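Since the structure comes first, as structure tokens, the remarks are kept for the end.
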Amino acid sequence: MSHLDDVERAEGFDRLPHAGATGPHGGAQLRLGGQRVAAAVLTEGATALGSAVGGLINVIDPEVVVITGGVTGCGAPWWEALREAVHAETLPVLRGVPVEPASLGGDAALLGAARMALEVAA
């Protein structure tokens with residue numbers, strides 16, 4: 001469990017009504033539908049992640065940052081909060097580093113691990 005997971009839990013993300021969402025990332029499928037608490041929780045989580053990502057950009061100077069996981073499907077408000085926090089945290093010279101969703105979606109890490117396992121076994 002990461003510190004960002006702690007932020008998510010402290011804000012009550014895991015206790016929200018998930019409008020039919022299932023699985024461990026069910027909250028990412030949450031239908032906001034005017035639920036101010038849900039929107040605030042998603043914004044808080046995106047802001048925490050964005051601050052952490054911005055700090056990492058300052059340290060490692062990547063060409064691009066790829067975000068994966070179920071929460072990346074939360075929509076434009078989540079991405080806007082994330083990118084605003086990244087921008088606020090990042091040094092001016094590094095503010096052009098793109099922050100993008102993984103092209104493979106929420107299963108990117110799982111697919112990468114499976115590929116690595118196959119390569120090691122070969």
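Keep in mind that the numbers below use all heavy atoms, side chains included, and drop hydrogens, waters and symmetry copies. If you're wondering where the values come from, they're calculated on a predicted model, not measured in any experiment.
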Item to check | Check: Thr47 main-chain N/O paired with Ser51 side-chain donor or acceptor under 3.5 Å | outcome: yes
Item to check | Pairwise distance CD(Glu84) to CD(Glu89) - rounded to 0.5 angstrom | outcome: 14.0 Å
Checklist entry - Run the side chain to side chain contact (heavy atoms under 4.5 Å, CB included) check on Thr90 and Val97 step by step: do they pass? => result CA-CA 9 Å; Thr90 307; Val97 173; 5.9 Å; no
Item to check | Test log, rule side chain to side chain contact (heavy atoms under 4.5 Å, CB included), inputs His87 and Arg83 | outcome: CA-CA 6 Å; His87 181 81; Arg83 289 185 173 124; over 6 Å; no
Next on the checklist: Looking at every heavy atom in both Asn58 and Leu91, which two are closest together, and how far apart are they?
Outcome noted: OD1-N, 2.7 Å
Item to check | Heavy-atom pair of closest approach, residues Ala81 and Thr43 | outcome: CB-CG2, 3.9 Å
Checklist entry - Which heavy-atom pair separates Pro101 from Val66 by the least distance, and what is that distance? => result C-CG1, 4.1 Å
Next on the checklist: Can you list, by chain and residue number, the hydrophobic cluster partners of Leu110 when the side-chain cut-off is 4.5 Å?
Outcome noted: none
Checklist entry - Can you hop from Val65 to Trp78 via hydrophobic side chains spaced under 4.5 Å? => result yes
Checklist entry - How close do Val64 and Pro98 get, heavy atom to heavy atom, and via which atoms? => result CG2-O, 3.5 Å
Checklist entry - To the nearest 0.5 Å, how far apart are CG in Leu94 and CD1 in Ile60? => result 10.5 Å
Item to check | Smallest separation among heavy atoms of Trp79 and Ile67, with atom names | outcome: CH2-CB, 3.8 Å
